[in-house]
Amino acid sequence: MALEVDRLRKRFGAVQALDGVSLRVEPGQIFGFLGSNGAGKTTTMRIVLSLMRPDDGTVTWDGRPAHAWPRRIWGYMPEERGLYARMAVIDQLVHFATLYGVTRAAARKAALDWLARFRIAEHAGRRLETLSKGNQQKVQFIATILHEPDVLLMDEPFVGLDPINVKMLRSALLELRDRGRTIVFSTHQLEQAEALCDSVAIIDHGRIVTSGPTREVRRSTGHRVVRVAMESGDAGWLGEMEGVTVTRGGADYTEARVAPGVDPQAVLRAAVRRGPVLRLEVADPSLEEVFVELVGAIEAEEQTLAPGAGA
Ligand code: ATP
């Protein structure tokens with residue numbers, strides 16, 4: 001059982017939006033779909049949900065074509081949030097859930113529970129348009145999950161939420177995952193993906209650049225990161241070491257990138273020799289660093305290949 005996306009291709013006029021996208025999302029996982037604007041995330045999700053046909057390629061869930069499953073196994077939170085501005089919050093939550101076969105009574109109870117959990121119970125009877133953007137987004141999220149879909153796809157669910165609401169949404173997603181739901185969301189906020197996702201894929205210009213368990217993706221460039229704080233306050237010598245580039249200097253600590261093939265332990269030993277040391281650690285690069293390195297490299301290459309580049 002898994003969500004398998006196999007060699008999707010989709011063209012819009014001159015734009016090859018998807019150029020052979022393959023992914024595998026394990027059941028019961030949170031999967032982050034990362035890419036720049038226009039990379040192909042929404043198009044992929046819309047094809048998974050059978051809202052759009054691919055030119056080529058297939059999508060299966062648990063071995064059966066995605067479109068052969070009943071609509072109620074899927075939940076979708078689109079980027080352009082699709083609720084009724086003038087309808088009362090509780091009325092539309094009940095309305096959408098009943099479209100998926102939930103009884104009115106069950107939908108009402110679940111909706112009120114979720115509204116309370118998201119601290120917006122007092123808005124249940126108000127028209128949606130009278131709520132703040134962030135609160136409307138929480139309503140949209142509730143509308144997406146009330147029918148208890150097995151697979152949840154969300155386009156940028158964290159955009160526009162304040163830190164408290166981000167925390168609430170994160171804990172809701174973790175809880176749904178722990179109840180066996182499979183969750184895919186797109187985001188530009190790589191720190192959200194890093195904190196939440198079991199696996200991620202990075203997509204660029206309709207092609208998957210890398211995908212896999214978050215930890216493996218963070219290690220995929222072969223770089224490591226070291227953080228050093230010397231009692232003397234001076235760790236500038238790091239940059240003189242072969243294969244070591246200082247990426248962040250600062251009063252509290254210095255961070256450096258260690259090239260593939262260079263042993264980060266050698267850096268640590270050098271720090272100890274120069275002693276006294278206040279802080280010493282080796283870490284994986286962040287998803288953001290990996291993203292910039294992998295996607296940035298492709299963009300740089302494209303610029304050199306583009307006609308007229310470098311002129
Ligand atoms: P964003 O992060 O900005 O939401 P995305 O990764 O979701 O971007 P898509 O919306 O999938 O990207 O778009 C992929 C490419 O396909 C873009 O170049 C976009 O302009 C193009 N595209 C998407 N939908 C259509 C459409 N209906 N008609 C024409 N072009 C489209």
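Quick caveat: nothing in here was measured; it's all calculated off a predicted structure. Remember, it's 1-based here, ligands and their atoms both numbered in the order they're listed.
Under a 4.0 Å N-O distance rule, the pair D113/R117 does not qualify as a salt bridge. Salt bridge present: R181 and E148 bring a charged side-chain N and a carboxylate O closer than 4.0 Å. Ion pairing between R219 and D284 holds under the 4.0 Å rule for side-chain N and carboxylate O.
Across K10, E156, E79, heavy-atom proximity to atom 4 (O) of ligand 1 is greatest for E79. The option from G13, G206, G38, S186 that lies nearest to atom 14 (C) of ligand 1, judged by heavy atoms, is G38.
Counting protein heavy atoms under 4.0 angstrom from atom 22 (N) of ligand 1 gives one or more. Note that atom 19 (C) of ligand 1 has no protein non-hydrogen atoms nearby, at separations under 4.0 angstrom.
Side-chain atoms of D198 come within 3.5 Å of backbone atoms of I30 as a donor-acceptor pair (strictly under, hydrogens ignored).
Remark: minimum distance from atom 2 (O) of ligand 1 to any protein heavy atom is reached at K41 NZ, 2.8 Å. Shortest contact from atom 16 (O) of ligand 1 to any protein heavy atom: A17 CB, 3.3 Å. F12 CE2, 3.7 Å is the protein heavy atom nearest to atom 27 (N) of ligand 1. If you check which protein heavy atom lies closest to atom 11 (O) of ligand 1, you get T43 OG1, 2.5 Å. Looking only at protein heavy atoms, the nearest one to atom 7 (O) of ligand 1 is T42 OG1, 2.6 Å.
Each of the atoms 2 (O) of ligand 1 lies under 4.0 Å from some heavy atom of H188. Atoms of ligand 1 lying under 4.0 Å from any heavy atom of S36, numbered from 1 in the order shown and given with element: 2 (O), 6 (O). Residue N37 has at least one heavy-atom neighbour below 4.0 Å for each of these atoms of ligand 1: 1 (P), 2 (O), 3 (O), 8 (O).
Residues S286 and L190 fail the side-chain proximity criterion, which asks for heavy atoms closer than 4.5 Å.
Residue R224 qualifies as enclosed at atom CZ: its count of foreign heavy atoms under 6.0 Å is above 12.
Under a hydrophobic clustering in which Ile, Leu, Val, Met, Phe, Trp and Tyr are joined whenever their side-chain heavy atoms come within less than 4.5 Å, directly or via other members, V200 and F31 fall into different clusters. Using a 4.5 Å cut-off between side-chain heavy atoms of Ile, Leu, Val, Met, Phe, Trp and Tyr, with links allowed through other members, M230 and V226 fall into the same hydrophobic cluster.
Of all the heavy atoms of V15, the ones lying under 4.0 Å from any atom of ligand 1 belong exclusively to the side chain.
At least one heavy atom of G40 sits less than 4.0 Å from an atom of ligand 1.
Contact record, A193 with F185: CA-CZ, 4.4 Å, taken as the closest heavy-atom pair.
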